Amino acid sequence: MSTTATSTQADPYVPGHGDTAYGVDHYDLDLTYKAAGNHLTGRAQLTLTLAVDTPTISLDLHALKVTRVDVTGTTLRRWAHRASRLTLRFADSVPAGTVLSLTIAYAGTPRTVPGPDGRAGWEELADGVIVASQPHGAPSWFPCNDRAADKATYGISVTMDTAYAVVANGTLTERRKNGRATRWTYAMDEPMAPYLATVQIGRYETTEVSGAPLPVRLHHPPRLRSAVAEAFADQARMVSTFADLFGPYPFAEYAVVVTDDVLEIPLESQAVSTFGSNHCTRSWEAQRLIAHELSHQWFGNAVTVAQWSDIWLHEGFACYAEWLWSEAAGIATAQEQAQRHHEKLAALPQDIVVTAPGASEMFDDRVYKRGALTLHALRIEVGDTTFFSILRDWVARHSGGIVTTAEFEALCERAAGRRLRGLFEAWLRSEPLPPLPLPQRLT
């Protein structure tokens, strides 16, 4: 029996984004960017599969102007681009399971996308570009099905003035110079959510990190060479530590971009993390952020939430990874970190539910820290052996896919061999902060 599209509302935390009527299998993005004037020209080829019978689908594209749309696999009757939504109407209803190929030409000045939690997406630096799309900024630079649950593989090519370096997701497969411009081509062969797709442009040089179990590269301005080397001196050890704790690193390589600009916060993209020049220190504040963004490659990028209300599965895990690195580096134990942050949380308003923070509070630090404390409470309850087995199993089972809190709870209960509902109800679905359990079961 066929199904028919009845609603395109994908995620209430990012209203107006995403379409559940289809899933994208692959994006092929061919971009040309001119820094003078911040002008982007793009040609996007999307291969997608319809999930339902439907006469129409919508894509997300903000501010940029669409100049042409071609479709193979069915007949396109017309298209319209209004209010950041590109709507395609077909000649007839197209059956579920149909594979379509779209080619969309577009151009203009990319702008960040507004949302309940602020603006995100393509943004000019003093001399270059940063793309920080979490959670709704991907439409600032390419037409997409902008929902975290719709993962696809990617090819990203950017033609740019040769004076600049371009870093994007995945493996650099070609760098071809043509006159004063260079075309950089990257391939991301592991499934990736649109918000994790990125392009970073700057006058960067590249430093190879030795001693890591996979290729790790640092891209940075030449003037920051010494500061970057010092700040990221533990990067290889950090990768190895997390691989031991969480399972093998989930992608082919890892890139770090350090901008010449000061950034309020760093950000993770799939196989890429981006930091500001202000993060190039050995302080714990900088080192915890380096650990935090790296750990997102497992928790958030390889394993991605189906709905943004479950963001603690990204941020709580990454915050706890900070504490695990603190423990591994001999700075402070996870228990000491947990006690410190529990005391801070206890002094704050108790009016947030971790699994339903609301769109405007999804990046509230209380979600991060209480999510981490949930994991610490779980660790104390089940013991180290079972706890770290849970983390590795979680990644192994769901790498490349999407997840929910209910799935994590079920995995924990199977691993523990008993019900853990009380623990999760107290930490994840109740406003009052529970007492921090004593660590007598840690082994």
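Quick note: numbers below take in every heavy atom, side chains included, and nothing from hydrogens, waters or symmetry partners. Given the structure is predicted, the values throughout are model-derived calculations rather than measurements.
- In this structure, the side chain of Ser399 does not engage the main chain of Ala302 through any donor-acceptor pair within 3.5 Å.
- The closest side-chain heavy-atom distance from Thr198 to Thr274 is not below 4.5 Å.
- Closest approach of Glu293 to Pro266, counting heavy atoms only: OE2-CG, 3.5 Å.
- Of all the heavy atoms in Val303 and Lys151, the pair that sits closest is N-NZ, 4.3 Å.
- Geometrically, Arg43 does not engage Tyr106 in a cation-pi contact, judged by NZ or CZ lying under 6.0 Å from the ring centre and within 45° of the ring axis.
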Exercise for the section: Take His26 and Thr153 through the side-chain hydrogen bond (donor to acceptor under 3.5 Å, both in side chains) test and state the conclusion after the steps. Expected result: CA-CA 5 Å; His26 182 74; Thr153 56; 2.7 Å; yes
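- Between Arg175 and Thr185, the closest side-chain pair of non-hydrogen atoms is not below 4.5 Å.
- Between Phe408 and Trp312, the ring-plane angle classifies as perpendicular under the 30° and 60° cut-offs.
- Taking the six-membered ring for Trp and thresholds of 30 and 60 degrees, Phe317 and Phe299 have ring planes inclined between 30 and 60 degrees apart.
- At least one side-chain heavy atom of Leu59 sits less than 4.5 Å from a side-chain heavy atom of Leu46.
- Within the 3.5 Å criterion, the main-chain N or O of Leu348 finds a donor-acceptor partner in the side chain of Gln350.
- A pairwise comparison of heavy atoms in Ala321 and Phe242 identifies O-CZ, 3.6 Å as the closest pair.
- For Arg203 (side chain) and Pro221 (main-chain N/O), no donor-acceptor pair under 3.5 Å exists by modelled atom type.
- Atom-to-atom distance recorded for Asp364:CG and Ile352:CD1 is 4.0 Å, nearest 0.5 angstrom.
- Counted by atom type alone, Thr47 and Ser101 present zero donor-acceptor pairs between their side chains at under 3.5 Å.
- Remark: Arg183 engages Asp30 in a salt bridge, criterion side-chain N to carboxylate O under 4.0 Å.
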Practice task
Given side chain to side chain contact (heavy atoms under 4.5 Å, CB included), test Ser273 with Tyr254 step by step and report yes or no.
Solution key: CA-CA 8 Å; Ser273 294; Tyr254 182 54; 2.7 Å; yes
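- With hydrogens and angles disregarded, a donor-acceptor distance shorter than 3.5 Å links the side chain of Gln270 to the backbone of Pro191.
- Under the 3.5 Å distance criterion, the side-chain polar atoms of Gln287 are matched with a main-chain donor or acceptor of Thr281.
- Separating the OH atom in Tyr204 from the OH atom in Tyr164 is a distance of 10.5 Å, to the nearest 0.5 Å.
- A 6.0 Å sphere centred on CG of Asp351 holds more than 12 heavy atoms belonging to other residues, nucleotides or ligands.
- Here CD of Glu268 is found 5.0 Å from CG of Asn301. Values are rounded to the nearest 0.5 Å.
- In terms of modelled atom types and a separation under 3.5 Å, the side chain of Asn278 and the main chain of Leu263 share a donor-acceptor contact.
- Of the N and O atoms on the side chains of Thr182 and Thr162, at least one donor lies less than 3.5 Å from an acceptor on the other residue.
- When side chains are defined from C-beta on, Lys34 does not count as touching Asp161, because their heavy atoms never get closer than 4.5 Å.
- A donor-acceptor contact shorter than 3.5 Å is absent between the side chain of His342 and the backbone of Leu373.
- Heavy-atom neighbours of Arg111 CZ from other residues, nucleotides or ligands within 6.0 Å: at or below the threshold of 12.
- A heavy-atom distance below 4.5 Å is found between the side chains of Leu345 and Arg366.
- A salt bridge links Glu327 to Arg379: one of the charged nitrogens lies within less than 4.0 Å of a carboxylate oxygen.
- Salt bridge annotation for Arg85-Asp146: absent, with no cationic side-chain nitrogen under 4.0 angstrom from a carboxylate oxygen.
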Exercise for the section: Go through Trp325 and Arg237 one step at a time and tell me if the side chain to side chain contact (heavy atoms under 4.5 Å, CB included) criterion holds. Expected result: CA-CA 10 Å; Trp325 173 247; Arg237 183 184 166 205; 3.9 Å; yes
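- The aromatic rings of Trp184 and Tyr186 lie parallel to each other, their planes meeting at an angle below 30°, with 60° marking the opposite boundary.
- At a threshold of 4.5 Å between non-hydrogen side-chain atoms, the residues Val258 and Leu218 do not count as touching.
- Taking OG1 from Thr206 and NE2 from His220, the interatomic distance works out to 7.0 Å, rounded to the nearest 0.5 Å.
- Taking every heavy atom of both residues into account, Gly73 and Thr98 meet most closely at O-CG2, 4.2 Å.
- No hydrogens or angles considered: nothing links the side chains of Ser269 and Asn169 as a donor-acceptor pair under 3.5 Å.
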Exercise for the section: For Leu48 and Asn145, run side chain to side chain contact (heavy atoms under 4.5 Å, CB included): C-alpha distance rounded to whole Å, both residues' side-chain angles, the deciding distance at 0.1 Å, then the answer. Expected result: CA-CA 10 Å; Leu48 60 89; Asn145 190 10; over 6 Å; no
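- Residues Gln235 and Ile290 approach most closely at OE1-CG2, 3.8 Å, considering heavy atoms.
- A donor-acceptor pair is defined here as one N or O able to donate and one able to accept, closer than 3.5 Å; such a pair exists between the side chain of Thr54 and the backbone of Thr56.
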Problem - side chain to side chain contact (heavy atoms under 4.5 Å, CB included) between Cys280 and Glu230, worked out - result: CA-CA 8 Å; Cys280 291; Glu230 182 178 7; over 6 Å; no
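- Aromatic ring orientation, Tyr320 versus His376: tilted (interplanar angle from 30° to 60°).
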Problem - Audit row: Tyr33, Trp122, ring-ring contact (aromatic ring centres under 6.0 Å, His included) steps and yes/no - result: CA-CA 12 Å; Tyr33 181 66; Trp122 186 288; 5.1 Å; yes
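- For the pair Val354/Trp427, no side-chain contact is recorded, criterion being any heavy-atom separation below 4.5 Å from C-beta on.
- Using modelled atom types, one side-chain atom of Glu336 and one backbone atom of Thr333 make a donor-acceptor pair closer than 3.5 Å.
- Taking both residues in full, the closest heavy atoms of Phe142 and Pro194 are given as CZ-O, 4.1 Å, listed atom of the first, atom of the second, then distance.
- The CG atom of Leu86 sits 11.5 Å away from the CG atom of Leu64 when rounded to the nearest 0.5 Å.
- Annotation: side chain of Tyr13 is not in contact with side chain of Pro116 (no heavy-atom distance under 4.5 Å).
- Considering CD of Glu315 and NE2 of His296, their distance stands at 3.5 Å, rounded to 0.5 Å.
- Residues Asp260 and Arg223 are paired through a salt bridge, judged by an N-O separation under 4.0 Å between the basic side chain and the carboxylate.
- Within the 3.5 Å criterion, the main-chain N or O of Thr405 finds a donor-acceptor partner in the side chain of Asp310.
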